[in-house]
Visitor: 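Got a structure for you, questions after.
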Amino acid sequence: MTSIFRTAMGDAFDRLHPRLQRRFSVGLASGEACTGRGVMHRIWHGPAFVKPFLALGATRNILLPRAGRDVPFVIENVPYTDTFGRETVSFVRTFDLPGRPRRFDAQMVLGPRGDRILDYLGTHQHLASELHFSAEPDGSLLVRSGEHRFREGPVDVRVPELIGATAEVRESYDDAADRFRIRVRVANRRFGPLFGYEGTFTATYTDLRTCGVRPGLRPVREEARA
């Protein structure tokens, strides 16, 4: 057995920086969870009209309603088996913004063809995105989103490009600083940059038999449709 990320990337996984390989080997096979702790040096928003949508998404732990600088954050990558028997890895980010902490929740599973990751967003997994992972020449990881779908009850529709957005995530390891670097940019094809953040963090690994899956980490509702 291997991690869902190694399976999706194939031989390209071996071109990642060794620290990234370790981090994205988290899974049921490794028996490890990973916790990242660091600082988002910048959380930014696009035009003013974006803010109401960010605030709406924040009610279900999707995106962040506030901008900020030097914001402490934690990311929890914990593998578990979901209600439908799929290996899942949490990507739950908690940002210590002024006023109260804010969460941005995602749960990742391997796509049915094994060549991509499905990213279920929020507390109720109403939004799902295809993610395509690739290794850059410098050993960093590039993740680009593909099709987005909205699902609620019998509704299962593709989100049109006009109102949807494309996410690009770059994660690398800085040997000199001995820290991971993360940069996220979400943009709309017509309206341009909408939201993003960039920062650095360190990672620690915990035996699943010791830490388990803490209460509140899993979503309220899980979506079966891939």
Side-chain angles (χ1 to χ4, degrees), residues 3-6 8-9 12-27 30 32-46 50 54 57-58 61-79 89-108 117 119 121 129 131-145 165-187 193-206 211 214 217:
S3 76
I4 61 174
F5 308 105
R6 180 181 282 276
M9 292 184 68
F13 189 88
D14 295 321
R15 298 200 298 271
L16 294 175
H17 188 286
R19 293 293 188 98
L20 286 171
Q21 290 186 41
R22 172 78 189 280
R23 182 162 140 65
F24 286 90
S25 290
V26 163
S30 71
E32 286 187 323
C34 176
T35 303
R37 292 182 172 87
V39 175
M40 283 301 168
H41 303 299
R42 179 181 176 229
I43 302 172
W44 56 269
H45 294 163
V50 172
L54 295 177
N61 290 355
I62 303 175
L63 304 178
L64 295 171
R66 298 186 61 173
R69 288 189 176 273
D70 298 327
V71 177
F73 82 101
V74 176
I75 179 168
E76 298 172 89
N77 301 124
V78 181
V89 179
S90 70
F91 275 71
V92 172
R93 290 142 287 201
T94 304
F95 299 83
D96 191 12
L97 285 160
R100 66 180 178 90
R102 298 282 188 167
R103 274 178 48 164
F104 183 1
D105 293 6
Q107 315 292 332
M108 298 192 186
I117 297 294
D119 190 24
L121 301 177
S129 299
L131 298 182
H132 303 272
F133 284 59
S134 61
E136 296 288 87
D138 64 355
S140 61
L141 175 67
L142 174 63
V143 184
R144 287 194 173 102
S145 64
T166 300
E168 183 177 279
V169 180
R170 292 180 182 271
E171 189 167 323
S172 61
Y173 193 79
D174 186 331
D175 288 294
D178 199 21
R179 298 177 70 85
F180 291 91
R181 294 190 178 275
I182 178 77
R183 185 169 77 246
V184 175
R185 182 178 184 271
V186 179
L194 302 178
F195 163 82
Y197 53 78
E198 54 189 84
T200 64
F201 63 95
T202 59
T204 56
Y205 300 88
T206 311
C211 69
R214 70 168 179 80
L217 192 73

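As the structure is a prediction and not an experimental result, all values here were calculated from the model. Computation of the quantities below employed the complete heavy-atom set of this structure, encompassing side-chain atoms and omitting hydrogens, waters and symmetry-equivalent molecules.
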Visitor: Take Q107 and D119 through the side-chain contact (heavy atoms from CB on, under 4.5 Å) test and state the conclusion after the steps.
Guide: CA-CA 6 Å; Q107 315 292 332; D119 190 24; over 6 Å; no
Visitor: Checking side chain to side chain contact (heavy atoms under 4.5 Å, CB included) against D105, which of N61, L121, T94 comes through?
Guide: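 Among N61, L121, T94, the one meeting side chain to side chain contact (heavy atoms under 4.5 Å, CB included) with D105 is N61.
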Visitor: For the pair F195 and W44, name the ring-plane relationship: parallel under 30°, tilted 30 to 60°, perpendicular over 60°.
Guide: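 Because their plane-to-plane angle lies in the 30° to 60° range, the rings of F195 and W44 count as tilted.
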Visitor: Would you check if the distance from the ring center of F133 to the ring center of F5 is below 6.0 Å?
Guide: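 Close enough - the centres of the two rings lie under 6.0 Å apart.
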Visitor: Less than 3.5 Å apart, which donor and acceptor atoms pair up between the side chains of residues 69-79 and the rest of the protein, not counting sequence neighbours?
Guide:
| from | atom 1 | to | atom 2 | distance (Å) |
| --- | --- | --- | --- | --- |
| E76 | OE1 | R214 | NE | 2.8 |
| E76 | OE2 | R214 | NH2 | 2.8 |
| N77 | OD1 | R23 | NH1 | 2.5 |
| N77 | ND2 | S90 | O | 3.0 |

Visitor: Sequence neighbours excluded, which residues qualify as side chain to side chain contact (heavy atoms under 4.5 Å, CB included) partners of T200?
Guide: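 Partners of T200 under the side chain to side chain contact (heavy atoms under 4.5 Å, CB included) test: H41, R179, R181.
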Visitor: Which distance, rounded to the nearest 0.5 Å, do you find between the CG of L64 and the CZ of R93?
Guide: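 It comes to 8.5 Å.
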Visitor: Would you name the heavy atoms of D178 and T202 that are closest together and state the gap between them?
Guide: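 In terms of heavy atoms, the two residues are closest at O-CG2, 4.1 Å.
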Visitor: Please report the shortest heavy-atom distance between G139 and L20, naming the atom on each side.
Guide: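 Minimum heavy-atom separation between G139 and L20: O-CD1, 3.3 Å.
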Visitor: I want to check something: taking the side chain as every heavy atom from C-beta on, are F95 and M40 in contact at a cut-off of under 4.5 Å?
Guide: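 They are in side-chain contact.
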Visitor: Testing the basics here: between H132 and S145, what is the closest heavy-atom pair and its distance to 0.1 Å?
Guide: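 Smallest heavy-atom distance, with atoms named: CD2-C, 4.5 Å.
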Visitor: Show, in sequence, the C-alpha distance, side-chain angles and deciding distance for R19 and F180, and conclude whether the side-chain contact (heavy atoms from CB on, under 4.5 Å) test is met.
Guide: CA-CA 9 Å; R19 293 293 188 98; F180 291 91; 4.0 Å; yes
Visitor: Please find the pair of heavy atoms, one from M9 and one from A135, that lie closest to each other, and give the distance.
Guide: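 Shortest heavy-atom separation between M9 and A135 comes out as CE-N, 3.8 Å.
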Visitor: Compute both the distance and the angle, then confirm whether R37 meets the cation-pi test with F201: under 6.0 Å from the six-membered ring centre, within 45 degrees of the axis.
Guide: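 So R37 doesn't make the cation-pi contact.
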Visitor: Is there a side-chain contact between H45 and L54, using heavy atoms and a 4.5 Å cut-off?
Guide: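 Side chain of H45 against side chain of L54, heavy atoms only: contact under 4.5 Å found.
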Visitor: Do the side chains of E168 and R144 get close enough for a salt bridge, i.e. N-O under 4.0 angstrom?
Guide: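 Judged by the 4.0 Å cut-off on N to carboxylate O distance, E168 and R144 do form a salt bridge.
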Visitor: Can a donor-acceptor pair be found, under 3.5 Å and without considering hydrogens, that links the side chain of E171 to the backbone of L141?
Guide: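 Here the side-chain-to-backbone pair does not exist.
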Visitor: With rounding to the nearest 0.5 angstrom, report the CD to CD1 distance, E198 to I43.
Guide: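 If we round to the nearest 0.5 Å, E198:CD and I43:CD1 are 10.5 Å apart.
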Visitor: List the atom of Y173, the atom of H17, and the distance in Å for their closest heavy-atom pair.
Guide: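 Heavy atoms only, the tightest pair is CD2-CE1, 3.6 Å.
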Visitor: In sequence, state the C-alpha distance, the side-chain angles, and the governing distance for T206 and E32, and then conclude on side-chain contact (heavy atoms from CB on, under 4.5 Å).
Guide: CA-CA 5 Å; T206 311; E32 286 187 323; over 6 Å; no
Visitor: To check you understand the geometry: which heavy-atom pair defines the closest contact between M108 and I4, and what is its length?
Guide: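 Distance-wise, the nearest heavy atoms are O-CD1, 3.6 Å.
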Visitor: Is the NZ or CZ atom of R22 positioned over Y205's six-membered ring, under 6.0 angstrom from the centre and within 45° of the axis?
Guide: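 So R22 does make the cation-pi contact.
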Visitor: Is there a side-chain contact (heavy atoms from CB on, under 4.5 Å) between I182 and V169 once you walk through the steps?
Guide: CA-CA 7 Å; I182 178 77; V169 180; 3.5 Å; yes
Visitor: Could you tell me whether a side-chain N or O of R66 sits under 3.5 Å from a main-chain N or O of P98, the two making a donor and an acceptor?
Guide: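 Yes, because the side chain of R66 sits within donor-acceptor range (under 3.5 Å) of the backbone of P98.
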Visitor: Among all residues two or more places apart in sequence or in another chain, which pass the side chain to side chain contact (heavy atoms under 4.5 Å, CB included) test with E136?
Guide: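 Here the qualifying residues are S134, D138, S140, L142, R170.
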